[in-house]
Amino acid sequence: QVQLVESGGGLVQAGGSLRLSCAASGRTFLKNTMGWFRQAPGKEREFVAAISYSGGTTTYADSVKGRFTISRDNVKNMVFLQMDSLKPEDTAVYYCATTPYGWVPTTHSEYNYWGQGTQVTVSS
């Protein structure tokens, strides 16, 4: 069993920054790819970023490439999402998730454990 708890969301003006954190518990975290997804009201959950266990492979959605950075600390069992140059269209609930697969998937159906989410609101 894996438990994921996100934090760091909030209200920020366009152009600002936020850093999301995800604290993980459970032995399976140590070998898993981790991902961030987001869901805006009335929209489907969409992929944001993912990182392999070693941190050597990362992938990003085109909409956040160059603005967001995913990282992890396997000693502290933490995953982070640094979000810079935020835009109003980044407003959503952001979820941390883990997958049992060794590669870096980008579809939510390939992730099996999810956090409760943290709200990010970007004002114009």
Side-chain angles (χ1 to χ4, degrees):
Q1 188 75 10
V2 176
Q3 293 184 335
L4 305 172
V5 179
E6 303 95 334
S7 61
L11 174 64
V12 64
Q13 289 187 332
S17 298
L18 282 174
R19 188 190 194 212
L20 304 184
S21 299
C22 174
S25 61
R27 55 185 173 87
T28 56
F29 169 83
L30 298 178
K31 300 295 184 183
N32 283 15
T33 290
M34 300 295 295
W36 286 96
F37 289 76
R38 67 187 181 186
Q39 188 166 18
K43 295 187 177 181
E44 294 187 353
R45 191 167 298 190
E46 66 173 356
F47 171 77
V48 175
I51 185 168
S52 63
Y53 162 67
S54 69
T57 300
T58 58
T59 187
Y60 298 90
D62 288 342
S63 58
V64 306
K65 203 170 293 183
R67 301 188 297 121
F68 290 12
T69 303
I70 189 171
S71 61
R72 66 189 293 165
D73 183 335
N74 289 342
V75 174
K76 296 181 179 180
N77 285 359
M78 300 281 293
V79 179
F80 307 98
L81 186 67
Q82 177 66 41
M83 305 186 296
D84 299 318
S85 302
L86 282 161
K87 304 175 181 180
E89 50 264 43
D90 294 320
T91 295
V93 177
Y94 283 70
Y95 298 91
C96 171
T98 182
T99 173
Y101 302 116
W103 58 89
V104 185
T106 61
T107 57
H108 64 82
S109 61
E110 294 176 287
Y111 288 77
N112 58 344
Y113 289 103
W114 295 82
Q116 83 290 347
T118 185
Q119 176 70 47
V120 171
T121 303
V122 184
S123 63
S124 58

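Residues take their numbers from the sequence shown, with the count starting at 1.
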Student: What's the shortest heavy-atom distance between P105 and A50, and which atoms?
Tutor: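 So the minimum-distance heavy-atom pair works out to O-CB, 4.1 Å.
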
Student: Write down the atom of N74, the atom of N77, and the distance for their closest heavy-atom approach.
Tutor: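 Distance-wise, the nearest heavy atoms are O-OD1, 3.1 Å.
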
Student: What closest approach, in Å, do L20 and M83 show between heavy atoms, and which atom pair accounts for it?
Tutor: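 In this case the closest contact between L20 and M83 is CG-CE, 3.7 Å.
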
Student: Measure the shortest side-chain to side-chain distance between S63 and R38 over non-hydrogen atoms and say whether it is less than 4.5 angstrom.
Tutor: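 Of all side-chain heavy-atom pairs linking R38 with S63, at least one is under 4.5 Å.
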
Student: Hey, could you give me the CD/CZ distance between Q82 and R67, rounded to the nearest 0.5 Å?
Tutor: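 Q82 CD to R67 CZ: 12.0 Å, rounded to 0.5 Å.
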
Student: Using modelled atom types and a 3.5 Å cut-off, is there a donor and acceptor pairing between side-chain atoms of E6 and backbone atoms of G117?
Tutor: yes

Student: With the threshold set at 4.0 Å, does a side-chain nitrogen-carboxylate oxygen contact exist between K87 and D90?
Tutor: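 Not counted as a salt bridge, because no side-chain N and carboxylate O are separated by less than 4.0 Å.
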
Student: Mind jotting down which residue pairs meet the ring pair (Phe, Tyr, Trp, His ring centres under 6.0 Å) criterion with at least one end in residues 57-91? Sequence neighbours excluded, please.
Tutor: none

Student: Can you get from I51 to W114 by hopping between Ile, Leu, Val, Met, Phe, Trp and Tyr side chains that sit under 4.5 Å apart?
Tutor: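 Looking at the clustering, W114 is in a separate group from I51.
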
Student: Has the side chain of D73 got a donor or acceptor atom that lies under 3.5 Å from a matching backbone atom of V75?
Tutor: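 Present.
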
Student: Could you grab the distance from atom CZ of R72 to atom CG of N32, nearest 0.5 Å is fine?
Tutor: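 Atom-to-atom, R72:CZ and N32:CG are 7.5 Å apart.
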
Student: Got a sec, which residues hit side chain to side chain donor-acceptor pair (under 3.5 Å) with R19, two or more places apart in sequence or on another chain?
Tutor: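 Listed in chain order: nothing, the list is empty.
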
Student: Just by distance, do the side chain of T33 and the backbone of W103 share a donor-acceptor pair under 3.5 Å?
Tutor: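 Flag set: sc T33 to bb W103 pair under 3.5 Å.
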
Student: Could you state the interatomic distance from CG (L4) to CD (Q116), rounded to the nearest 0.5 Å?
Tutor: 9.0 Å

Student: Looking at A14 and P88, what are the two nearest heavy atoms and their distance?
Tutor: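 For A14 versus P88, the nearest heavy atoms are CB-CD, 4.1 Å.
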
Student: Is a side-chain donor or acceptor of T99 paired with a backbone partner of E110 at a separation under 3.5 angstrom?
Tutor: yes

Student: Does Y95 have its ring centroid less than 6.0 Å away from the ring centroid of Y111?
Tutor: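 No: the rings miss the under 6.0 Å criterion.
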
Student: Rounded to the nearest 0.5 Å, what separation is found between the OG atom of S124 and the CD atom of E89?
Tutor: 10.0 Å

Student: V64, V12: one ILVMFWY side-chain cluster at the under-4.5 Å cut-off?
Tutor: yes

Student: Look only at the side chain of T121 and the backbone of T91, and say whether a donor-acceptor pair between them is shorter than 3.5 Å.
Tutor: no

Student: From R45 CZ over to S109 OG, what is the distance, rounded to the nearest 0.5 angstrom?
Tutor: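 So the gap between those two atoms works out to 12.0 Å.
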
Student: Specify the closest pair of heavy atoms between V104 and T57, including all atoms of both residues, with the distance to one decimal.
Tutor: CG2-CG2, 3.6 Å

Student: Over all heavy atoms of both residues, which pair between T106 and F37 is shortest? Give the atoms and the distance, please.
Tutor: O-CE2, 3.9 Å

Student: Kindly compute the distance separating CG (L81) from OG1 (T118), expressed to the nearest 0.5 Å.
Tutor: 11.0 Å

Student: Please examine the side chains of I70 and V79, heavy atoms only from C-beta on, and report whether any two atoms are closer than 4.5 Å.
Tutor: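 With C-beta onward as the side chain, the pair touches.
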
